[in-house]
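Read through the structure below, which is laid out as structure tokens, and then see the notes.
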Amino acid sequence: MLAAFQEPAAEVVVVTGLSAVKTLEPFGVGPPAHRLECHLRENFQVGPETHAMACEGWGSSRATRIAAGAHEPQAARGSGGAVAPVALRSAGVRLPFRPSRQPQSDPPRPIPMFDPVRGKPDFPALEASIAAFWREGEIYEKSLDRRRSGGRFVFYEGPPTANGMPHPGHCLTRTIKDLYPRYRTMRGDFCERKAGWDTHGLPVEVEVCKELGIHSKAEIEAYGVEPFIHKCQESVWRYMKEWETLTERIGFWIDLSAAYVTYHQSYVESVWWALAELFNKGLLYEGHKIVWWWAQGGTALSSGEVGQGYKEVADPSVYVAFPLLDEAGRPTSRSLVAWTTTPWTLPSNQFAAVRSDLEYVVLRETGVADPQELIVAEPLAAALIEKTKRQFEIIERLPGSTLVGRSYQPPFDTFRPAGLPAMAPLTAGGSTAVAWRVVAADFVTTDSGTGVVHIAPAFGEVDYGVLVAEQARFAVGSGPQLINCVAPDGTFTDTFPMGSGRFVKDCDRDITRDIKARGLLVHQEQYVHDYPFCWRADADPLIQYPRQSWFIRTSQFREQMLANNARINWLPEHIKDGRFGNFLETNVDWALSRERYWGTPLPIWKCEATGKAEAVPSYAALLAKPGVAGTDVFEKAKAANPQLSDDLKVHKPYIDAVTYDSPFAPEARMRRVTEVIDCWFDSGAMPFAQWGWPHRGQEEFARQFPADFISEAIDQTRGWFYSQLAISTLLFGDEKRPYPHPFKTCIVLGHMLGEDGQKMSKSRRNYKEPAVIFDTYGADALRWFFLAGQAPWTSIRYSERSIRESVPEFLLRLWNVYSFFVIYARIDGFDPAALLDTPGSIEHGDLAKAGGWRPVAERSELDRWMLSELNAAAAEMVERLDRYDHFGAAGRLSALVEAVSNWFVRRSRDRFWAAGKADSGPDGNREKLDAYFTLYETLLTITKLAAPFVPFVTEAIWRNLAVAAFGAKVPESVHLTDYPAGSTSLVDADLVRRMAIVRDVSSLGRAARAAEKLKVRQPLSKVEVILADASPEDAAWLASHADLVCDELNVKQFEICREPDRYITRSLLPDLKKLGPKLGKNLPKARDAIAKADAPTLLAALTRDGRATLSLPGGGEAVIERDDVLVRTTAKEGWAAAESPQAVVVVASQLTPELVAEGLVREVVHAVQSERKTLDLDFTARIELEFATDSAELQSALETHLDYVAAETLATQAACRPLSAAASEPIDIDGHPLAITIRQVTA
RNA sequence: GCGCGCGUAGCUCAGUUGGUUAGAGCGCCACCCUGAUAAGGUGGAGGUCCCAAGUUCGAAUCUUGGCGCGCGCACCA
């Protein structure tokens, strides 16, 4: 399965003399010198003499050095140490990949060792092979099996709809949904992952309509509900393949074969049960609702759908006079002025609303005969006068309350007989006009309009509320009825002859004209605002329209839902009291009905005689009803078409045919109501409906409720998050189920934006298809980008560039370390399987049983440091992941890999390159073996730590480091191991801190050099460090690591400065965090006092006594303790120094002639190497060098170090001549002219 | 309009309970290394922490008010 890493053929070529032979070098990796030497000796029975002969022609002195270097690598290192390997490689010798494993004398045997690693990995290809391995090896199933007895981690899959293409946002949710179950499984929990599909709803119908080329409900009915439903059921799976491909491709482990499907009979019956429960508890009722109505399509739209369709349009804006009536019912010359942008609602006017506590004015037009008197709110009067461009005077001021109760003449007599309006008795006593009366309302504002609001209850939610409130004032049945002269198709009925049969919005102009003709139009203009249109048919404006609907009394459960919500662990936290909490606070009853076809049928049957209803909890319960009939409709259909899914028998139209005897009236039949339900109810019922509970699945539900973890994007706040919480609270709230349920933790993901920071959109082409990302960078790259790129709740900008750039910092770096390890382990024959019989999962304790393994305490400091970092990181990652902070955990992991790559491997190179076998035998090199064990353990542990994040690449590494070596003795997959929790006993906090100081000092040293333009190539005599506040122990430790710092900084000597005052000044800084609470307002004074005090004296006093008393400027004193101040060191002027909070590093910038000469020579070497590269010379190509310079200094330096230069540059000859004899143009070497002539030595 | 969130380096983003010199990656510049090599490494430059006021000894962080962006609700008679 790891075909991508098939080892190419390798061959061994030993060359004597100078002839270079091209050999096959599959991965371009040259061997260390000692390996060649060992190899020659072991496999070809050659000794050092022969070896030296192989280098014949190089000059005996060099050959001797080579041989010596091979045997005594320690001595060969240092400035000239590179000679040996370079020279040897130049002999044109290549090693096979398994030098010590393929002796020619022995027959070949299978070697359980690491496969070679490609330096430049092809992640997409690798992932394909890993995915196949998982599939064929049933690794996901095995990962579950080994945890069956573990604790449960319950995860719910929010069902995506397979009726649309998956897009990058789904990649994010699927990544997060995969991470935590994988992690918890590795930690020991049993985490079932049942997939699910949301299959109902308008989008499916729309898709089918598109296919059929039809649009409206009438057209669907004409096509036939039955075939239409069949089409819907087929269409649900339209993009199934894409979804399955994505799921596997991104490495989302979930059981697709056991997916729950919302249209399946068992699912539908669970939903029925839930609805029946609600019905029986009196929580399901029928009422009116003003909905956004798509008249042409004959359906209400959900708020989400409405939100998609807002467009800016100019609508007519009319100011209409409503003349007040006198006692006799005659219109007076005094009128209310109402404002509306929907003139078509005026024929259905029923009330006018004012605010009682608002001041109104009566305006009379001046300079005209028979002037009108207009009543408007005082704050809006000026604006209206301005608009009309007419002259008015204010003749009276009155509070709104005096208008309340007055009758007026509505603009149309549609529903009103001439004369006085009908009166009716109030429940509170007395009587009043049923309609066309002024009412008081708090929602009246002075933001716009006139302060008098036209109320047409049929066409506005607020308006409808007024009607309901008014109805409540009258005795039952005698109050105002809803008046409406608009048909469901959006046309006026015959009740309003002027517009009869025409779409209401098309009648605005005629209505306005009519009002104007009757002298009632005060003003008219265009009003630009946003208005919703159908998102499917954007030429169709939506209208608000009253519909009958079934409601769930969710608002009655507001407090319970809030209490439940309060216990949920929302991430980010602000969702709880912010967006989601606010939504619950303003909760209104859930309008459940959808007058559509493809959805869960509302399981309510009504008596055709009495209208009484009952709910049916299952199909079986329906069949058990007396006199049931109509089930044959489905049976006949099934007989005609055996392919027909049995699940459809609980759907329209079949279910509508099923009737039974009414228990409410003799001879009457019970018939199902026509509606289907809001598909969000389907999804919210998922916690139990996925198991078909309570009709079946008792055990599963008991085990899998509530969920420990769910995650979706923020758009689910009022979608799936709400539907789940509401249903669970209503159904299970009064049982002994402790909140929270049905989910405990919810990560709310931010929305993903396109490359340009705008919403992703196909038409704008501002994002790359996931498939392109997968094929180019791989799924792990995308996963890492999501998990480590930003906190999950921020709006992620999905850009190819960011994804690409996230690869090197982690994936590639990890891969490079891994590749480094394998290359040298193979060369050195580090074979853990030969040393360890019972590897287990190759944890620390397992490795301890390996031959040659040394306890960490006995290993080098670098090894102890590495394992400290490793275990500290593991512990921190577990802590973070346990609280769902994968972003923080990923950062920690990335830092760990950085530490391995940039410090452990770099500082360990000498050990890996050292001579001697990596074994514990008498001839072996224990240090080297330690290094291998340390790196091996580190890599394996990192692989496990990273496995939930980047499951593919970690699997590939595990398959090689563990399985290739140990075979069936180890788990076949990294996902079948335990997550490392980090062992505190392996963490040496002192060492970690001290190593950080070394790294800081090294970095400062380089900075100091850079500031003085002293390149690292220039050796320096000395570097001194002054530590600010380090403990004596830490300082002593650092002093004992002089070699390390010298090596890093290319200096001859390193020491802790004995006379720091030469270089630095010390000052004391108050530790504000400690002193602030102690001193409060005196802090600035204390700070001044500390600043003015003589720092050395004060510090001495503090160190001696532990405390000191400061006299504050302006009187008073303050006692400070040693820990209240920090020592800060600042470099004095004139020194090559760099400082950080914890140290100052001073480099000796004075150069001796010897140092300068060394520096010059290294410059020359660098120049030659660059030139070699420019000439594109083979690594092994030997050259003849000729230098020419007029500079005596450079010439002298070169002559002194000519051997060194020749060795470094693979020169067989090197000579210096005067510049005049130069064959090429001179270049500049630190101000000295030098002509370099390179001739390749040919065979 | 109301609500929620965001605004930090050229770009993408971190920044834990308020604390002294605000960080990372990429890009850029310079350099190192040339035995992880079509790699790797180091250093540097780069900031009005959106603006203003306030609280505080002290504000990127808390409060208020603006401005800008995103999202949700609604578009309202």
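Naming convention: chains lettered A, B, ... in sequence-line order (proteins, then strands); numbering from 1 in each chain. All heavy atoms count here, side chains included; hydrogens, waters and symmetry mates do not. Here the structure is a predicted model, which is why all the values come from computation and not from measurement.
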**OP:** Mind calculating the distance between CZ (A:Arg909) and P (B:A39) to the nearest angstrom?
**Re:** 16 Å
**OP:** Report yes if a side-chain nitrogen or oxygen of A:Arg1087 is closer than 4.0 Å to either non-bridging phosphate oxygen (OP1 or OP2) of B:G58; otherwise report no.
**Re:** no
Original post:
Now, which nucleotide makes the Watson-Crick or G-U wobble pair with B:C75, with each of the two distances under 3.5 Å?
Top reply: none
**OP:** Go ahead and name the base partner of B:C31; Watson-Crick or wobble counts if both distances stay under 3.5 Å, otherwise write none.
**Re:** B:G41
**OP:** Pick the P atom in B:A30 and in B:C50, then give their distance to the nearest Å.
**Re:** 32 Å
Original post:
Expressed in whole Å, how much space separates the P atoms belonging to B:U21 and B:A59?
Top reply: 13 Å
Original post:
Looking only at atom P, what distance separates B:U17 and B:C11, rounded to whole Å?
Top reply: 28 Å
Original post:
Can you tell me how far P in B:A36 sits from the matching atom in B:C29, rounded to whole Å?
Top reply: 26 Å
**OP:** Rounded to whole angstrom, note down the C1' distance from B:C67 over to B:C57.
**Re:** 31 Å
Original post:
When the distance from CG of A:Asp715 to C1' of B:C73 is rounded to whole Å, what number comes out?
Top reply: 14 Å
Subject >> No-hydrogen, no-angle side-chain donor-acceptor test under 3.5 Å, A:Asp577 and A:Trp570 >> reply: no
**OP:** State whether A:Asn582 places a side-chain N or O below 4.0 Å from either non-bridging phosphate oxygen (OP1 or OP2) of B:G72.
**Re:** no
Original post:
So, is A:Ser1003 near the phosphate of B:G43, with a side-chain N or O under 4.0 Å from OP1 or OP2?
Top reply: yes
Original post:
Quick one: A:Met752 CE to B:C13 P, roughly how many Å, whole number?
Top reply: 12 Å
Subject >> Length of the line joining A:Glu585:CD and B:C2:C1', which is rounded to integer Å >> reply: 15 Å
Subject >> P gap between B:C13 and B:A53, integer Å >> reply: 30 Å
Original post:
What is the base-pairing partner of B:A22, counting Watson-Crick and G-U wobble geometry with both distances under 3.5 Å?
Top reply: none
Original post:
Using a cut-off of less than 4.0 Å, is there contact between a side-chain N or O of A:Trp292 and OP1 or OP2 of B:C75?
Top reply: yes
Original post:
What does A:Arg579 touch in the nucleic acid at a heavy-atom separation under 4.0 angstrom: a base, only the sugar-phosphate, or nothing?
Top reply: base
**OP:** Under a 3.5 Å limit for both distances, which nucleotide forms a Watson-Crick or G-U wobble pair with B:G54, could you say?
**Re:** B:C62
Original post:
Would a distance-only check, ignoring hydrogens and angles, find a side-chain to backbone donor-acceptor pair under 3.5 Å from A:Glu712 to A:Gln716?
Top reply: no
**OP:** Report the base-pairing partner of B:G5 (Watson-Crick or G-U wobble, both distances below 3.5 angstrom), or none.
**Re:** B:C69
Subject >> Minimum side-chain heavy-atom gap A:Val318-A:Trp339 below 4.5 Å >> reply: no
Subject >> For atom CG of A:Asn816 and atom P of B:U37, their distance in whole Å >> reply: 8 Å
Original post:
If you look at every strand shown and take non-hydrogen atoms under 4.0 Å, does A:Gly750 touch a base, only sugar-phosphate, or nothing?
Top reply: nothing
**OP:** Starting at atom CG of A:Asp577, determine the distance to atom P of B:G72, rounded to an integer number of angstrom.
**Re:** 21 Å
Subject >> Identity of whatever pairs with B:A14 - Watson-Crick or G-U, under 3.5 angstrom >> reply: none
Original post:
P atom, B:U55 versus B:G15: distance in rounded Å?
Top reply: 29 Å
**OP:** Return the value, rounded to whole Å, for the distance between atom CG of A:Leu1083 and atom P of B:C57.
**Re:** 10 Å
Original post:
So A:Tyr777 and A:Glu800, side-chain hydrogen bond (donor to acceptor under 3.5 Å, both in side chains) or not? Walk me through it.
Top reply: CA-CA 9 Å; A:Tyr777 310 101; A:Glu800 183 177 4; 2.9 Å; yes
Original post:
Could A:Arg892 and A:Glu879 be called an ion pair, given the rule that one side-chain N must be under 4.0 Å from one carboxylate O?
Top reply: no
Original post:
Which is true for A:Ala353 with a 4.0 Å heavy-atom rule: it touches a base, it touches only sugar-phosphate, or it touches nothing?
Top reply: nothing
Original post:
Going by distance alone, is a donor N or O of one side chain under 3.5 Å from an acceptor N or O of the other, for A:Thr342 and A:Thr345?
Top reply: yes
Original post:
Looking only at atom P, what distance separates B:C62 and B:C4, rounded to whole Å?
Top reply: 15 Å
